[in-house]
Amino acid sequence: MIRFKPDQSTLFLRALFKSSVLSCLLFCCVESSFSQLVDVSNSMSLVTNHIGGFLGSGVSFADFNDDGFDDLSFGHHTGELKFFIGNGEGFEEIDLGISNGEAESKGIVWLDIDNDHDLDLIVTNRLSSNRMWENVNGVMVDISNSCGISLSMSTRSYGISVGDYNNDGFVDLYICNYHTWIDAVENELYMNNGDGTFTETTAIAGVGNNFQQSFQSTFIDINHDGWLDLHVINDRVEMYNAFYINNGDGTFTDMAQSLGLDLGLYAMSSSFGDMDGDGDMDLYVTNGYDGNVLLENHLFDPMEAFSDVTMSYGVGEYELCWAADWIDYDNDSENDLYVASGITVYSDYPAINETFPQVTNSLYVNDGISPFSNGYEDVPDWPQHTFAVAQGDYNNDGSPDLVSHRLGIYASMLRGTPTNNKWAKIKLEGTETNSMGIGARIEVSYSDNFGTSKEKVDHVIAGENYLGQNSFWQHFGLENASHIESITVHWIGGETEVFDGPYEVNQHITLTEGDSSGGSNSNSVVEGCTYPGACNYDAEATYDIGSCDFECLCGEGTIWDVDSGTCVGSDDCPTDLNNNGATEVGDLLMILSFHGSSCSE
């Protein structure tokens with residue numbers, strides 16, 4: 001049997017086909033790389049009846065039933081708290097048997113006060129006492145009267161921050177109060193006693209904030225010394241924001257002035273995120289019509305302070321802004337910024353819209369350079385009055401989603417759309433430290449598909465922005481990462497633990513304190529050919545390093561050519577009698593010319 005090489009026309013058609021397929025693949029890649037936050041509010045039916053109240057109410061995106069799907073919790077201006085459990089596709093409202101009376105709720109945060117690995121709940125209220133519920137075998141028990149928090153009926157409480165400021169393994173509480181001369185109440189710090197009760201230590205710690213009008217605070221280890229510091233914002237130009245540095249002995253010192261953070265503005269939200277990828281946390285503070293402020297962290301370079309870079313990054317906004325959330329919505333490893341706008345008067349929805357027009361919330365896209373670009377094409381043009389926002393991933397597809405506790409009958413939900421960019425979500429389980437790893441710093445080291453090593457950093461924060469709580473799953477956009485090399489966790493208290501990889505990308509990873517050296521890594525990368533049609537396909541392989549072989553697909557006399565992606569003739573072709581690189585008519589004529597002649601032995 002004579003086997004022929006493909007002629008030039010066949011090779012051309014193959015090349016054309018390959019080019020068309022490549023063009024199609026490139027087109028598809030471009031299309032699937034385009035990310036949007038898609039409005040899915042109608043299908044979610046998150047009925048919140050947020051039609052009244054003063055300056056909004058809080059929202060949490062924490063998985064409170066620990067089933068692996070992020071859940072939603074909403075405050076309410078008449079005390080009717082709303083809870084929705086996630087199921088991977090949407091949400092279902094659930095009655096947790098919790099009554100907040102007729103209080104106008106503000107902050108709503110899930111936390112584990114006793115390290116029993118189920119989540120308890122605290123809610124702050126305006127003109128009513130704050131409340132706390134303990135999760136006892138799945139039943140929420142009101143412990144407000146016994147846990148030690150203030151039961152004052154006139155406190156104007158807003159944001160809650162959770163963190164273990166004394167490193168005893170139990171999370172403590174900081175509550176912001178909007179002081180007035182009628183109700184002279186400082187902010188409150190409560191130390192967790194480890195037995196379900198708290199002791200107020202505000203005066204001892206020195207963090208009362210001097211009877212000012214505070215909306216929100218954040219516990220964060222800003223100087224990486226293993227002790228949680230405390231950032232507090234105030235809603236008056238004459239009441240400067242504070243940054244209390246933890247002295248490690250139960251006391252704090254306000255270092256805001258020397259850090260360049262003693263801002264005097266109508267501050268509503270403080271949002272920490274690493275906007276420039278240098279491993280430290282930058283700060284975005286929302287304001288009124290005079291403009292928001294973006295502060296770049298220089299604590300670890302000669303400047304040793306924060307600098308105002310608002311103008312160079314173009315994120316002033318100049319609306320009446322409330323919550324702001326750093327969110328890598330396209331997983332390109334650069335933190336983008338979502339900013340919400342609202343009003344400052346008592347709400348009477350929908351009549352309020354006639355006097356105060358609604359405003360579309362903004363998305364500032366971080367491309368790794370300044371200024372940020374306007375992401376108006378990637379967010380719905382839906383004007384609304386928004387106060388609290390939070391992010392999670394309700395369908396576990398690796399693209400973060402945003403919920404907005406806007407004024408109206410329904411909350412709004414923006415669903416992230418997956419791209420070709422890679423991601424990882426990490427949740428911590430503390431053993432020596434608090435069970436949720438609150439306060440820890442996580443560093444993800446990864447390699448892109450060119451072999452370049454990179455790093456992403458985030459902190460576990462509970463209670464942030466304006467009356468918000470993000471998911472306990474820390475989201476890391478990893479652009480074109482091939483795998484994760486290692487994950488380093490700086491547990492609060494100063495202990496550092498390295499979890500060696502490699503880990504697969506596009507997955508959920510749970511890290512348990514003290515478990516970095518034990519057992520096998522079920523998330524490890526298996527190198528090999530991942531293409532099912534290849535001759536050496538490995539069903540267990542998770543990472544392809546270009547090892548696929550297609551030689552078995554080629555017929556006799558042909559070999560697989562990597563450059564052209566086709567089977568081509570081998571160098572040894574006995575039918576190419578005239579040596580022109582192909583078997584053609586000329587070769588047949590030469591064979592016929594020897595017809596009838598005898599062959600030599």
Side-chain angles (χ1 to χ4, degrees), residues 46-50 57-87 91-126 128-151 153 155 157-162 170-173 175 190 192-198 388 390 392 394 403 405 411 427 429-430 434-436 438 462-463 467-473:
L46 299 170
V47 179
T48 56
N49 287 318
H50 187 192
S57 189
V59 60
S60 166
F61 218 142
D63 176 14
F64 56 74
N65 63 352
D66 196 30
D67 66 349
F69 297 106
D70 285 330
D71 307 310
L72 290 172
S73 307
F74 297 92
H76 195 263
H77 57 286
T78 65
E80 184 186 2
L81 306 178
K82 293 279 190 174
F83 302 96
F84 298 84
I85 56 174
N87 56 24
F91 296 90
E92 178 183 354
E93 188 170 1
I94 185 174
D95 183 1
L96 296 181
I98 290 177
S99 174
N100 194 40
E102 297 181 356
E104 183 179 351
S105 63
K106 294 302 178 184
I108 181 167
V109 172
W110 290 92
L111 70 165
D112 185 2
I113 65 171
D114 46 11
N115 287 337
D116 63 351
H117 296 276
D118 56 27
L119 291 179
D120 313 298
L121 179 66
I122 183 170
V123 174
T124 57
N125 293 305
R126 177 177 176 269
S128 183
S129 63
N130 300 324
R131 307 289 291 276
M132 180 178 289
W133 292 263
E134 182 182 1
N135 188 336
V136 181
N137 298 322
V139 178
M140 303 304 296
V141 178
D142 191 339
I143 60 171
S144 306
N145 292 326
S146 61
C147 69
I149 61 174
S150 172
L151 296 179
M153 296 299 292
T155 298
S157 295
Y158 281 80
I160 317 161
S161 293
V162 178
F170 293 93
V171 290
D172 311 302
L173 305 173
I175 297 176
Y190 291 95
N192 191 332
N193 299 317
D195 59 0
T197 68
F198 293 81
Y394 76 85
V403 62
H405 197 3
K427 186 170 70 171
E429 291 185 352
N434 67 88
S435 67
M436 302 304 294
I438 295 170
L467 309 182
Q469 181 182 25
N470 290 335
S471 170
F472 279 114
W473 284 101

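This one's a predicted model, so the numbers in the text were calculated from it and none came from an experiment. Position 1 is the first residue of the sequence, and the numbers go up from there.
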(message) Using 0.5 Å steps for rounding, measure from the CG atom of L96 to the CH2 atom of W133.
(response) 10.5 Å
(request) Spell out, as yes or no, whether a donor-acceptor pair under 3.5 Å connects the side chain of T124 to the backbone of G159. (result) no
(message) Nearest 0.5 angstrom please: L173 CG to Y190 OH, how far?
(response) 8.5 Å
(message) Looking at every non-hydrogen atom in both residues, tell me the closest pair between G75 and S105 and how far apart they are.
(response) CA-OG, 3.2 Å
(request) Determine which pairs satisfy ring pair (Phe, Tyr, Trp, His ring centres under 6.0 Å) with at least one residue from residues 97-126, sequence neighbours left out, and list them in order. (result) F64-W110
(message) Before you tell me yes or no, could you show the steps for E104 and N125 under side chain to side chain contact (heavy atoms under 4.5 Å, CB included), namely the whole-Å CA-CA distance, both residues' side-chain angles and the distance that decides it to 0.1 Å?
(response) CA-CA 5 Å; E104 183 179 351; N125 293 305; over 6 Å; no
(request) Can you see which heavy atom on D120 is nearest to which on N135, and at what distance? (result) OD1-N, 2.7 Å
(request) To the nearest 0.5 Å, tell me how far H77 NE2 sits from E102 CD. (result) 11.5 Å
(request) Please report the shortest heavy-atom distance between I85 and D71, naming the atom on each side. (result) CA-OD1, 3.3 Å
(request) Would you check if E134 and D114 make a side-chain contact, meaning some heavy-atom pair closer than 4.5 Å? (result) yes
(request) Would you give the length of the straight line joining atom OG of S161 to atom CD1 of I175, rounded to the nearest 0.5 angstrom? (result) 10.0 Å
(message) Let me confirm one number: the CD1-NZ distance from I160 to K106, rounded to the nearest 0.5 Å.
(response) 12.5 Å
(request) Decide if atom CG of D195 counts as having more than 12 heavy atoms of other residues, nucleotides or ligands within a radius under 6.0 Å. (result) yes
(message) Restricting to non-hydrogen atoms, name the atom on Q469 and the atom on S60 that form the minimum distance, rounded to 0.1 Å.
(response) OE1-OG, 2.8 Å
(message) Quick one, L119 with F472, criterion side chain to side chain contact (heavy atoms under 4.5 Å, CB included). Give me CA distance, side-chain angles, the key distance, then yes/no.
(response) CA-CA 11 Å; L119 291 179; F472 279 114; 4.1 Å; yes
(message) Does this structure show an ion pair linking D95 with K82, if we count only N-O contacts that are shorter than 4.0 Å?
(response) no
(request) Give the minimum heavy-atom separation between V403 and F61, together with the two atoms involved. (result) CG1-CD1, 3.8 Å
(message) Ignoring hydrogens, what is the shortest heavy-atom contact between S471 and G392? Give both atom names and the distance.
(response) CB-CA, 3.9 Å
(request) Ignoring hydrogens and angles, tell me if any N or O in the side chain of D63 forms a donor-acceptor pair with the backbone of G68 under 3.5 Å. (result) yes
(message) Just so I know, are the side chains of H76 and H50 near enough to count as touching, which here means a heavy-atom distance under 4.5 Å?
(response) no
(request) Could you grab the distance from atom CD1 of I122 to atom CD1 of I108, nearest 0.5 Å is fine? (result) 11.0 Å
